[in-house]
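Inspection log for the structure reproduced underneath, given as structure tokens.
Order of listing sets the numbers, starting from 1, for every ligand and every atom in it.
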Amino acid sequence: MKREMPPGGAVDASVNARAWNHIAAQHTTGEGTGTVPERIEWTCWPGQGPGAEWIGDLAGLRVAELGCGTGEHIAYTAAHGARLAIGVDVAEQRITQARARFGHLPRLDWRVGDAAQVLVELPGLDVCFSIYGALWYADPAQLLPAIAGRLRPGLLAFSVNAPRDGELPGRRVDNLTLTSGARLPVVHYSYGADAWRRLLYEHGFTGTEVLPVAGPDHSPYRTLVIRARHGA
Ligand SMILES: C[S@@+](CC[C@H](N)C(=O)[O-])C[C@H]1O[C@@H](n2cnc3c(N)ncnc32)[C@H](O)[C@@H]1O
């Protein structure tokens, strides 16, 4: 199937793929068999926020993670009964690491590419989820319709950082610092709770729930854990 991508999406995806391929190269996480985590962590603060119950019973479901990184969470869904679990990441090296860690698990498949483009080629899904993944790095105006097209019906569950105090919502460019000290740009799309409710409503999602999770004391970061249904 032909992948068509508006120019903005292609630029963002290539900037972000470059950054995450460099991050992959500096980490050895990909070496050896991985351990399936005991819970799904929706935030970067272990134990904070909900666990797998944010999705619900995985038995028999077709699930995709958009921006799966080194694969822990999509591996969790495969190990907890998903009929089909697909890890998608724009950075080829991250998928190479994910395969090396969890490729031995049954019913688990991997795709490299921008989530909005890869989704077009996937089978119908019951659950799409993303943990600081594609929903935080790609334009929701392109990604949400692609997700909606795959959920028939189904659940979208994801976590993103909210804008920091004083930051305008929308597209912004940050820098990731490598261990070498080099700084690489990444593109984010950052929205607050009300903006996410509106975006999801505009793309036909219903029953939106937004759970704000605060970081440790004095942290400028706040994570939004969100779920909504489409096609129900
Ligand atoms: C902060 S990491 C999170 C990885 C994983 N979800 C986790 O919690 O460990 C973000 C991941 O999203 C991927 N990503 C960024 N933009 C993407 C896009 N448009 N489509 C698919 N993956 C993307 C990056 O390559 C990276 O692996």
Side-chain angles (χ1 to χ4, degrees), residues 3 5-27 29-30 34-37 39-46 48-52 54-55 63-77 85-102 110-122 127-147 150 156-161 171-178 184-190 213 221 223-226:
R3 294 180 179 182
M5 185 186 285
V11 171
D12 293 349
S14 117
V15 167
N16 288 335
R18 184 173 74 130
W20 284 100
N21 277 322
H22 276 278
I23 296 279
Q26 74 177 15
H27 288 297
T29 329
T35 305
V36 175
R39 76 189 291 270
I40 292 185
E41 296 284 0
W42 295 93
T43 79
C44 53
W45 309 297
Q48 298 288 311
W54 194 247
I55 295 177
V63 182
E65 182 180 4
L66 309 178
C68 66
T70 47
E72 292 81 358
H73 290 117
I74 194 65
Y76 179 100
T77 69
I86 306 171
V88 178
D89 204 285
V90 75
E92 188 167 11
Q93 295 310 314
R94 301 278 277 176
I95 291 292
T96 301
Q97 293 183 331
R99 269 187 205 280
R101 304 184 72 209
F102 298 110
W110 310 97
R111 303 291 167 89
V112 177
D114 174 57
Q117 305 307 306
V118 171
L119 275 161
V120 176
E121 299 165 2
L122 298 188
V127 175
C128 266
F129 76 102
S130 176
I131 299 175
Y132 304 113
L135 273 296
W136 194 36
Y137 286 89
D139 187 350
Q142 291 168 26
L143 188 50
L144 290 177
I147 294 170
R150 281 294 144 262
L156 168 63
F158 62 101
S159 59
V160 288
N161 271 348
R171 185 181 188 276
R172 69 158 198 264
V173 180
D174 285 341
N175 282 291
L176 288 180
T177 305
L178 305 180
L184 275 176
V186 289
V187 178
H188 285 302
Y189 286 80
S190 175
V213 181
Y221 296 104
T223 290
L224 303 176
V225 187
I226 300 174

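Residues satisfying the side-chain contact (heavy atoms from CB on, under 4.5 Å) criterion with Asn175, sequence neighbours excluded, are Arg183, Pro185.
Between Ala134 and ligand 1, not a single N/O pair is under 3.5 Å apart. The shortest N or O to N or O distance between Glu72 and ligand 1 is not below 3.5 Å. Close N/O approach between Gly133 and ligand 1 is not found [any backbone or side-chain N/O within under 3.5 Å]. At least one N or O atom of Arg94 sits closer than 3.5 Å to an N or O atom of ligand 1. Looking at ligand 1, you'll find an N or O of Ala115 within less than 3.5 Å of one of its N or O atoms.
Among all non-hydrogen protein atoms, the one lying nearest atom 2 (S) of ligand 1 is Trp20 CH2, 3.6 Å. In terms of protein heavy-atom proximity, atom 16 (N) of ligand 1 is closest to Tyr137 CB, 3.3 Å. Scanning all protein heavy atoms for the shortest distance to atom 22 (N) of ligand 1 gives Val90 N, 3.2 Å. Atom 7 (C) of ligand 1 has as its closest protein heavy atom Ile131 O, 4.1 Å. Remark: minimum distance from atom 10 (C) of ligand 1 to any protein heavy atom is reached at Tyr132 O, 3.3 Å. Taking atom 18 (C) of ligand 1 as the reference point, the nearest protein heavy-atom neighbour is Asp114 OD1, 3.6 Å. Looking only at protein heavy atoms, the nearest one to atom 12 (O) of ligand 1 is Gly67 CA, 3.6 Å.
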Working note: Trp110 + Phe102, criterion side chain to side chain contact (heavy atoms under 4.5 Å, CB included); need CA distance, chi angles, decisive distance, verdict. CA-CA 10 Å; Trp110 310 97; Phe102 298 110; 4.0 Å; yes
Yes or no on side chain to side chain contact (heavy atoms under 4.5 Å, CB included) for Leu178 and Leu184, after CA distance, side-chain angles and deciding distance? CA-CA 8 Å; Leu178 305 180; Leu184 275 176; 4.0 Å; yes
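Within the structure, the closest approach of Gly113 to ligand 1 falls below 4.0 Å when heavy atoms are considered.
The distance between the ring centers of His188 and Tyr137 falls below 6.0 angstrom.
A salt bridge does not link Arg111 to Asp89: none of the charged nitrogens lies less than 4.0 Å from a carboxylate oxygen.
Between the side chain of Asn21 and the main chain of Gln93, a donor-acceptor pair closer than 3.5 Å is present. Between the Glu41 side chain and the Gly51 main chain, no donor and acceptor come within less than 3.5 Å of each other. Looking only at distances, no side-chain donor or acceptor of Trp42 sits under 3.5 Å from a matching main-chain atom of Phe158.
Comparing Leu143, Asp12, Val88, Asp89 by heavy-atom distance to atom 13 (C) of ligand 1, the nearest is Asp89.
Residue-level proximity to ligand 1 for Glu65 is carried by the side chain, the only part with a heavy atom below 4.0 angstrom.
Screening Leu156, Thr77, Leu66 for a side chain to side chain contact (heavy atoms under 4.5 Å, CB included) with Phe129, the sole residue that qualifies is Thr77.
In plain terms, the two heavy atoms of Ala64 and Leu122 that are nearest each other are CB-CD1, 4.2 Å.
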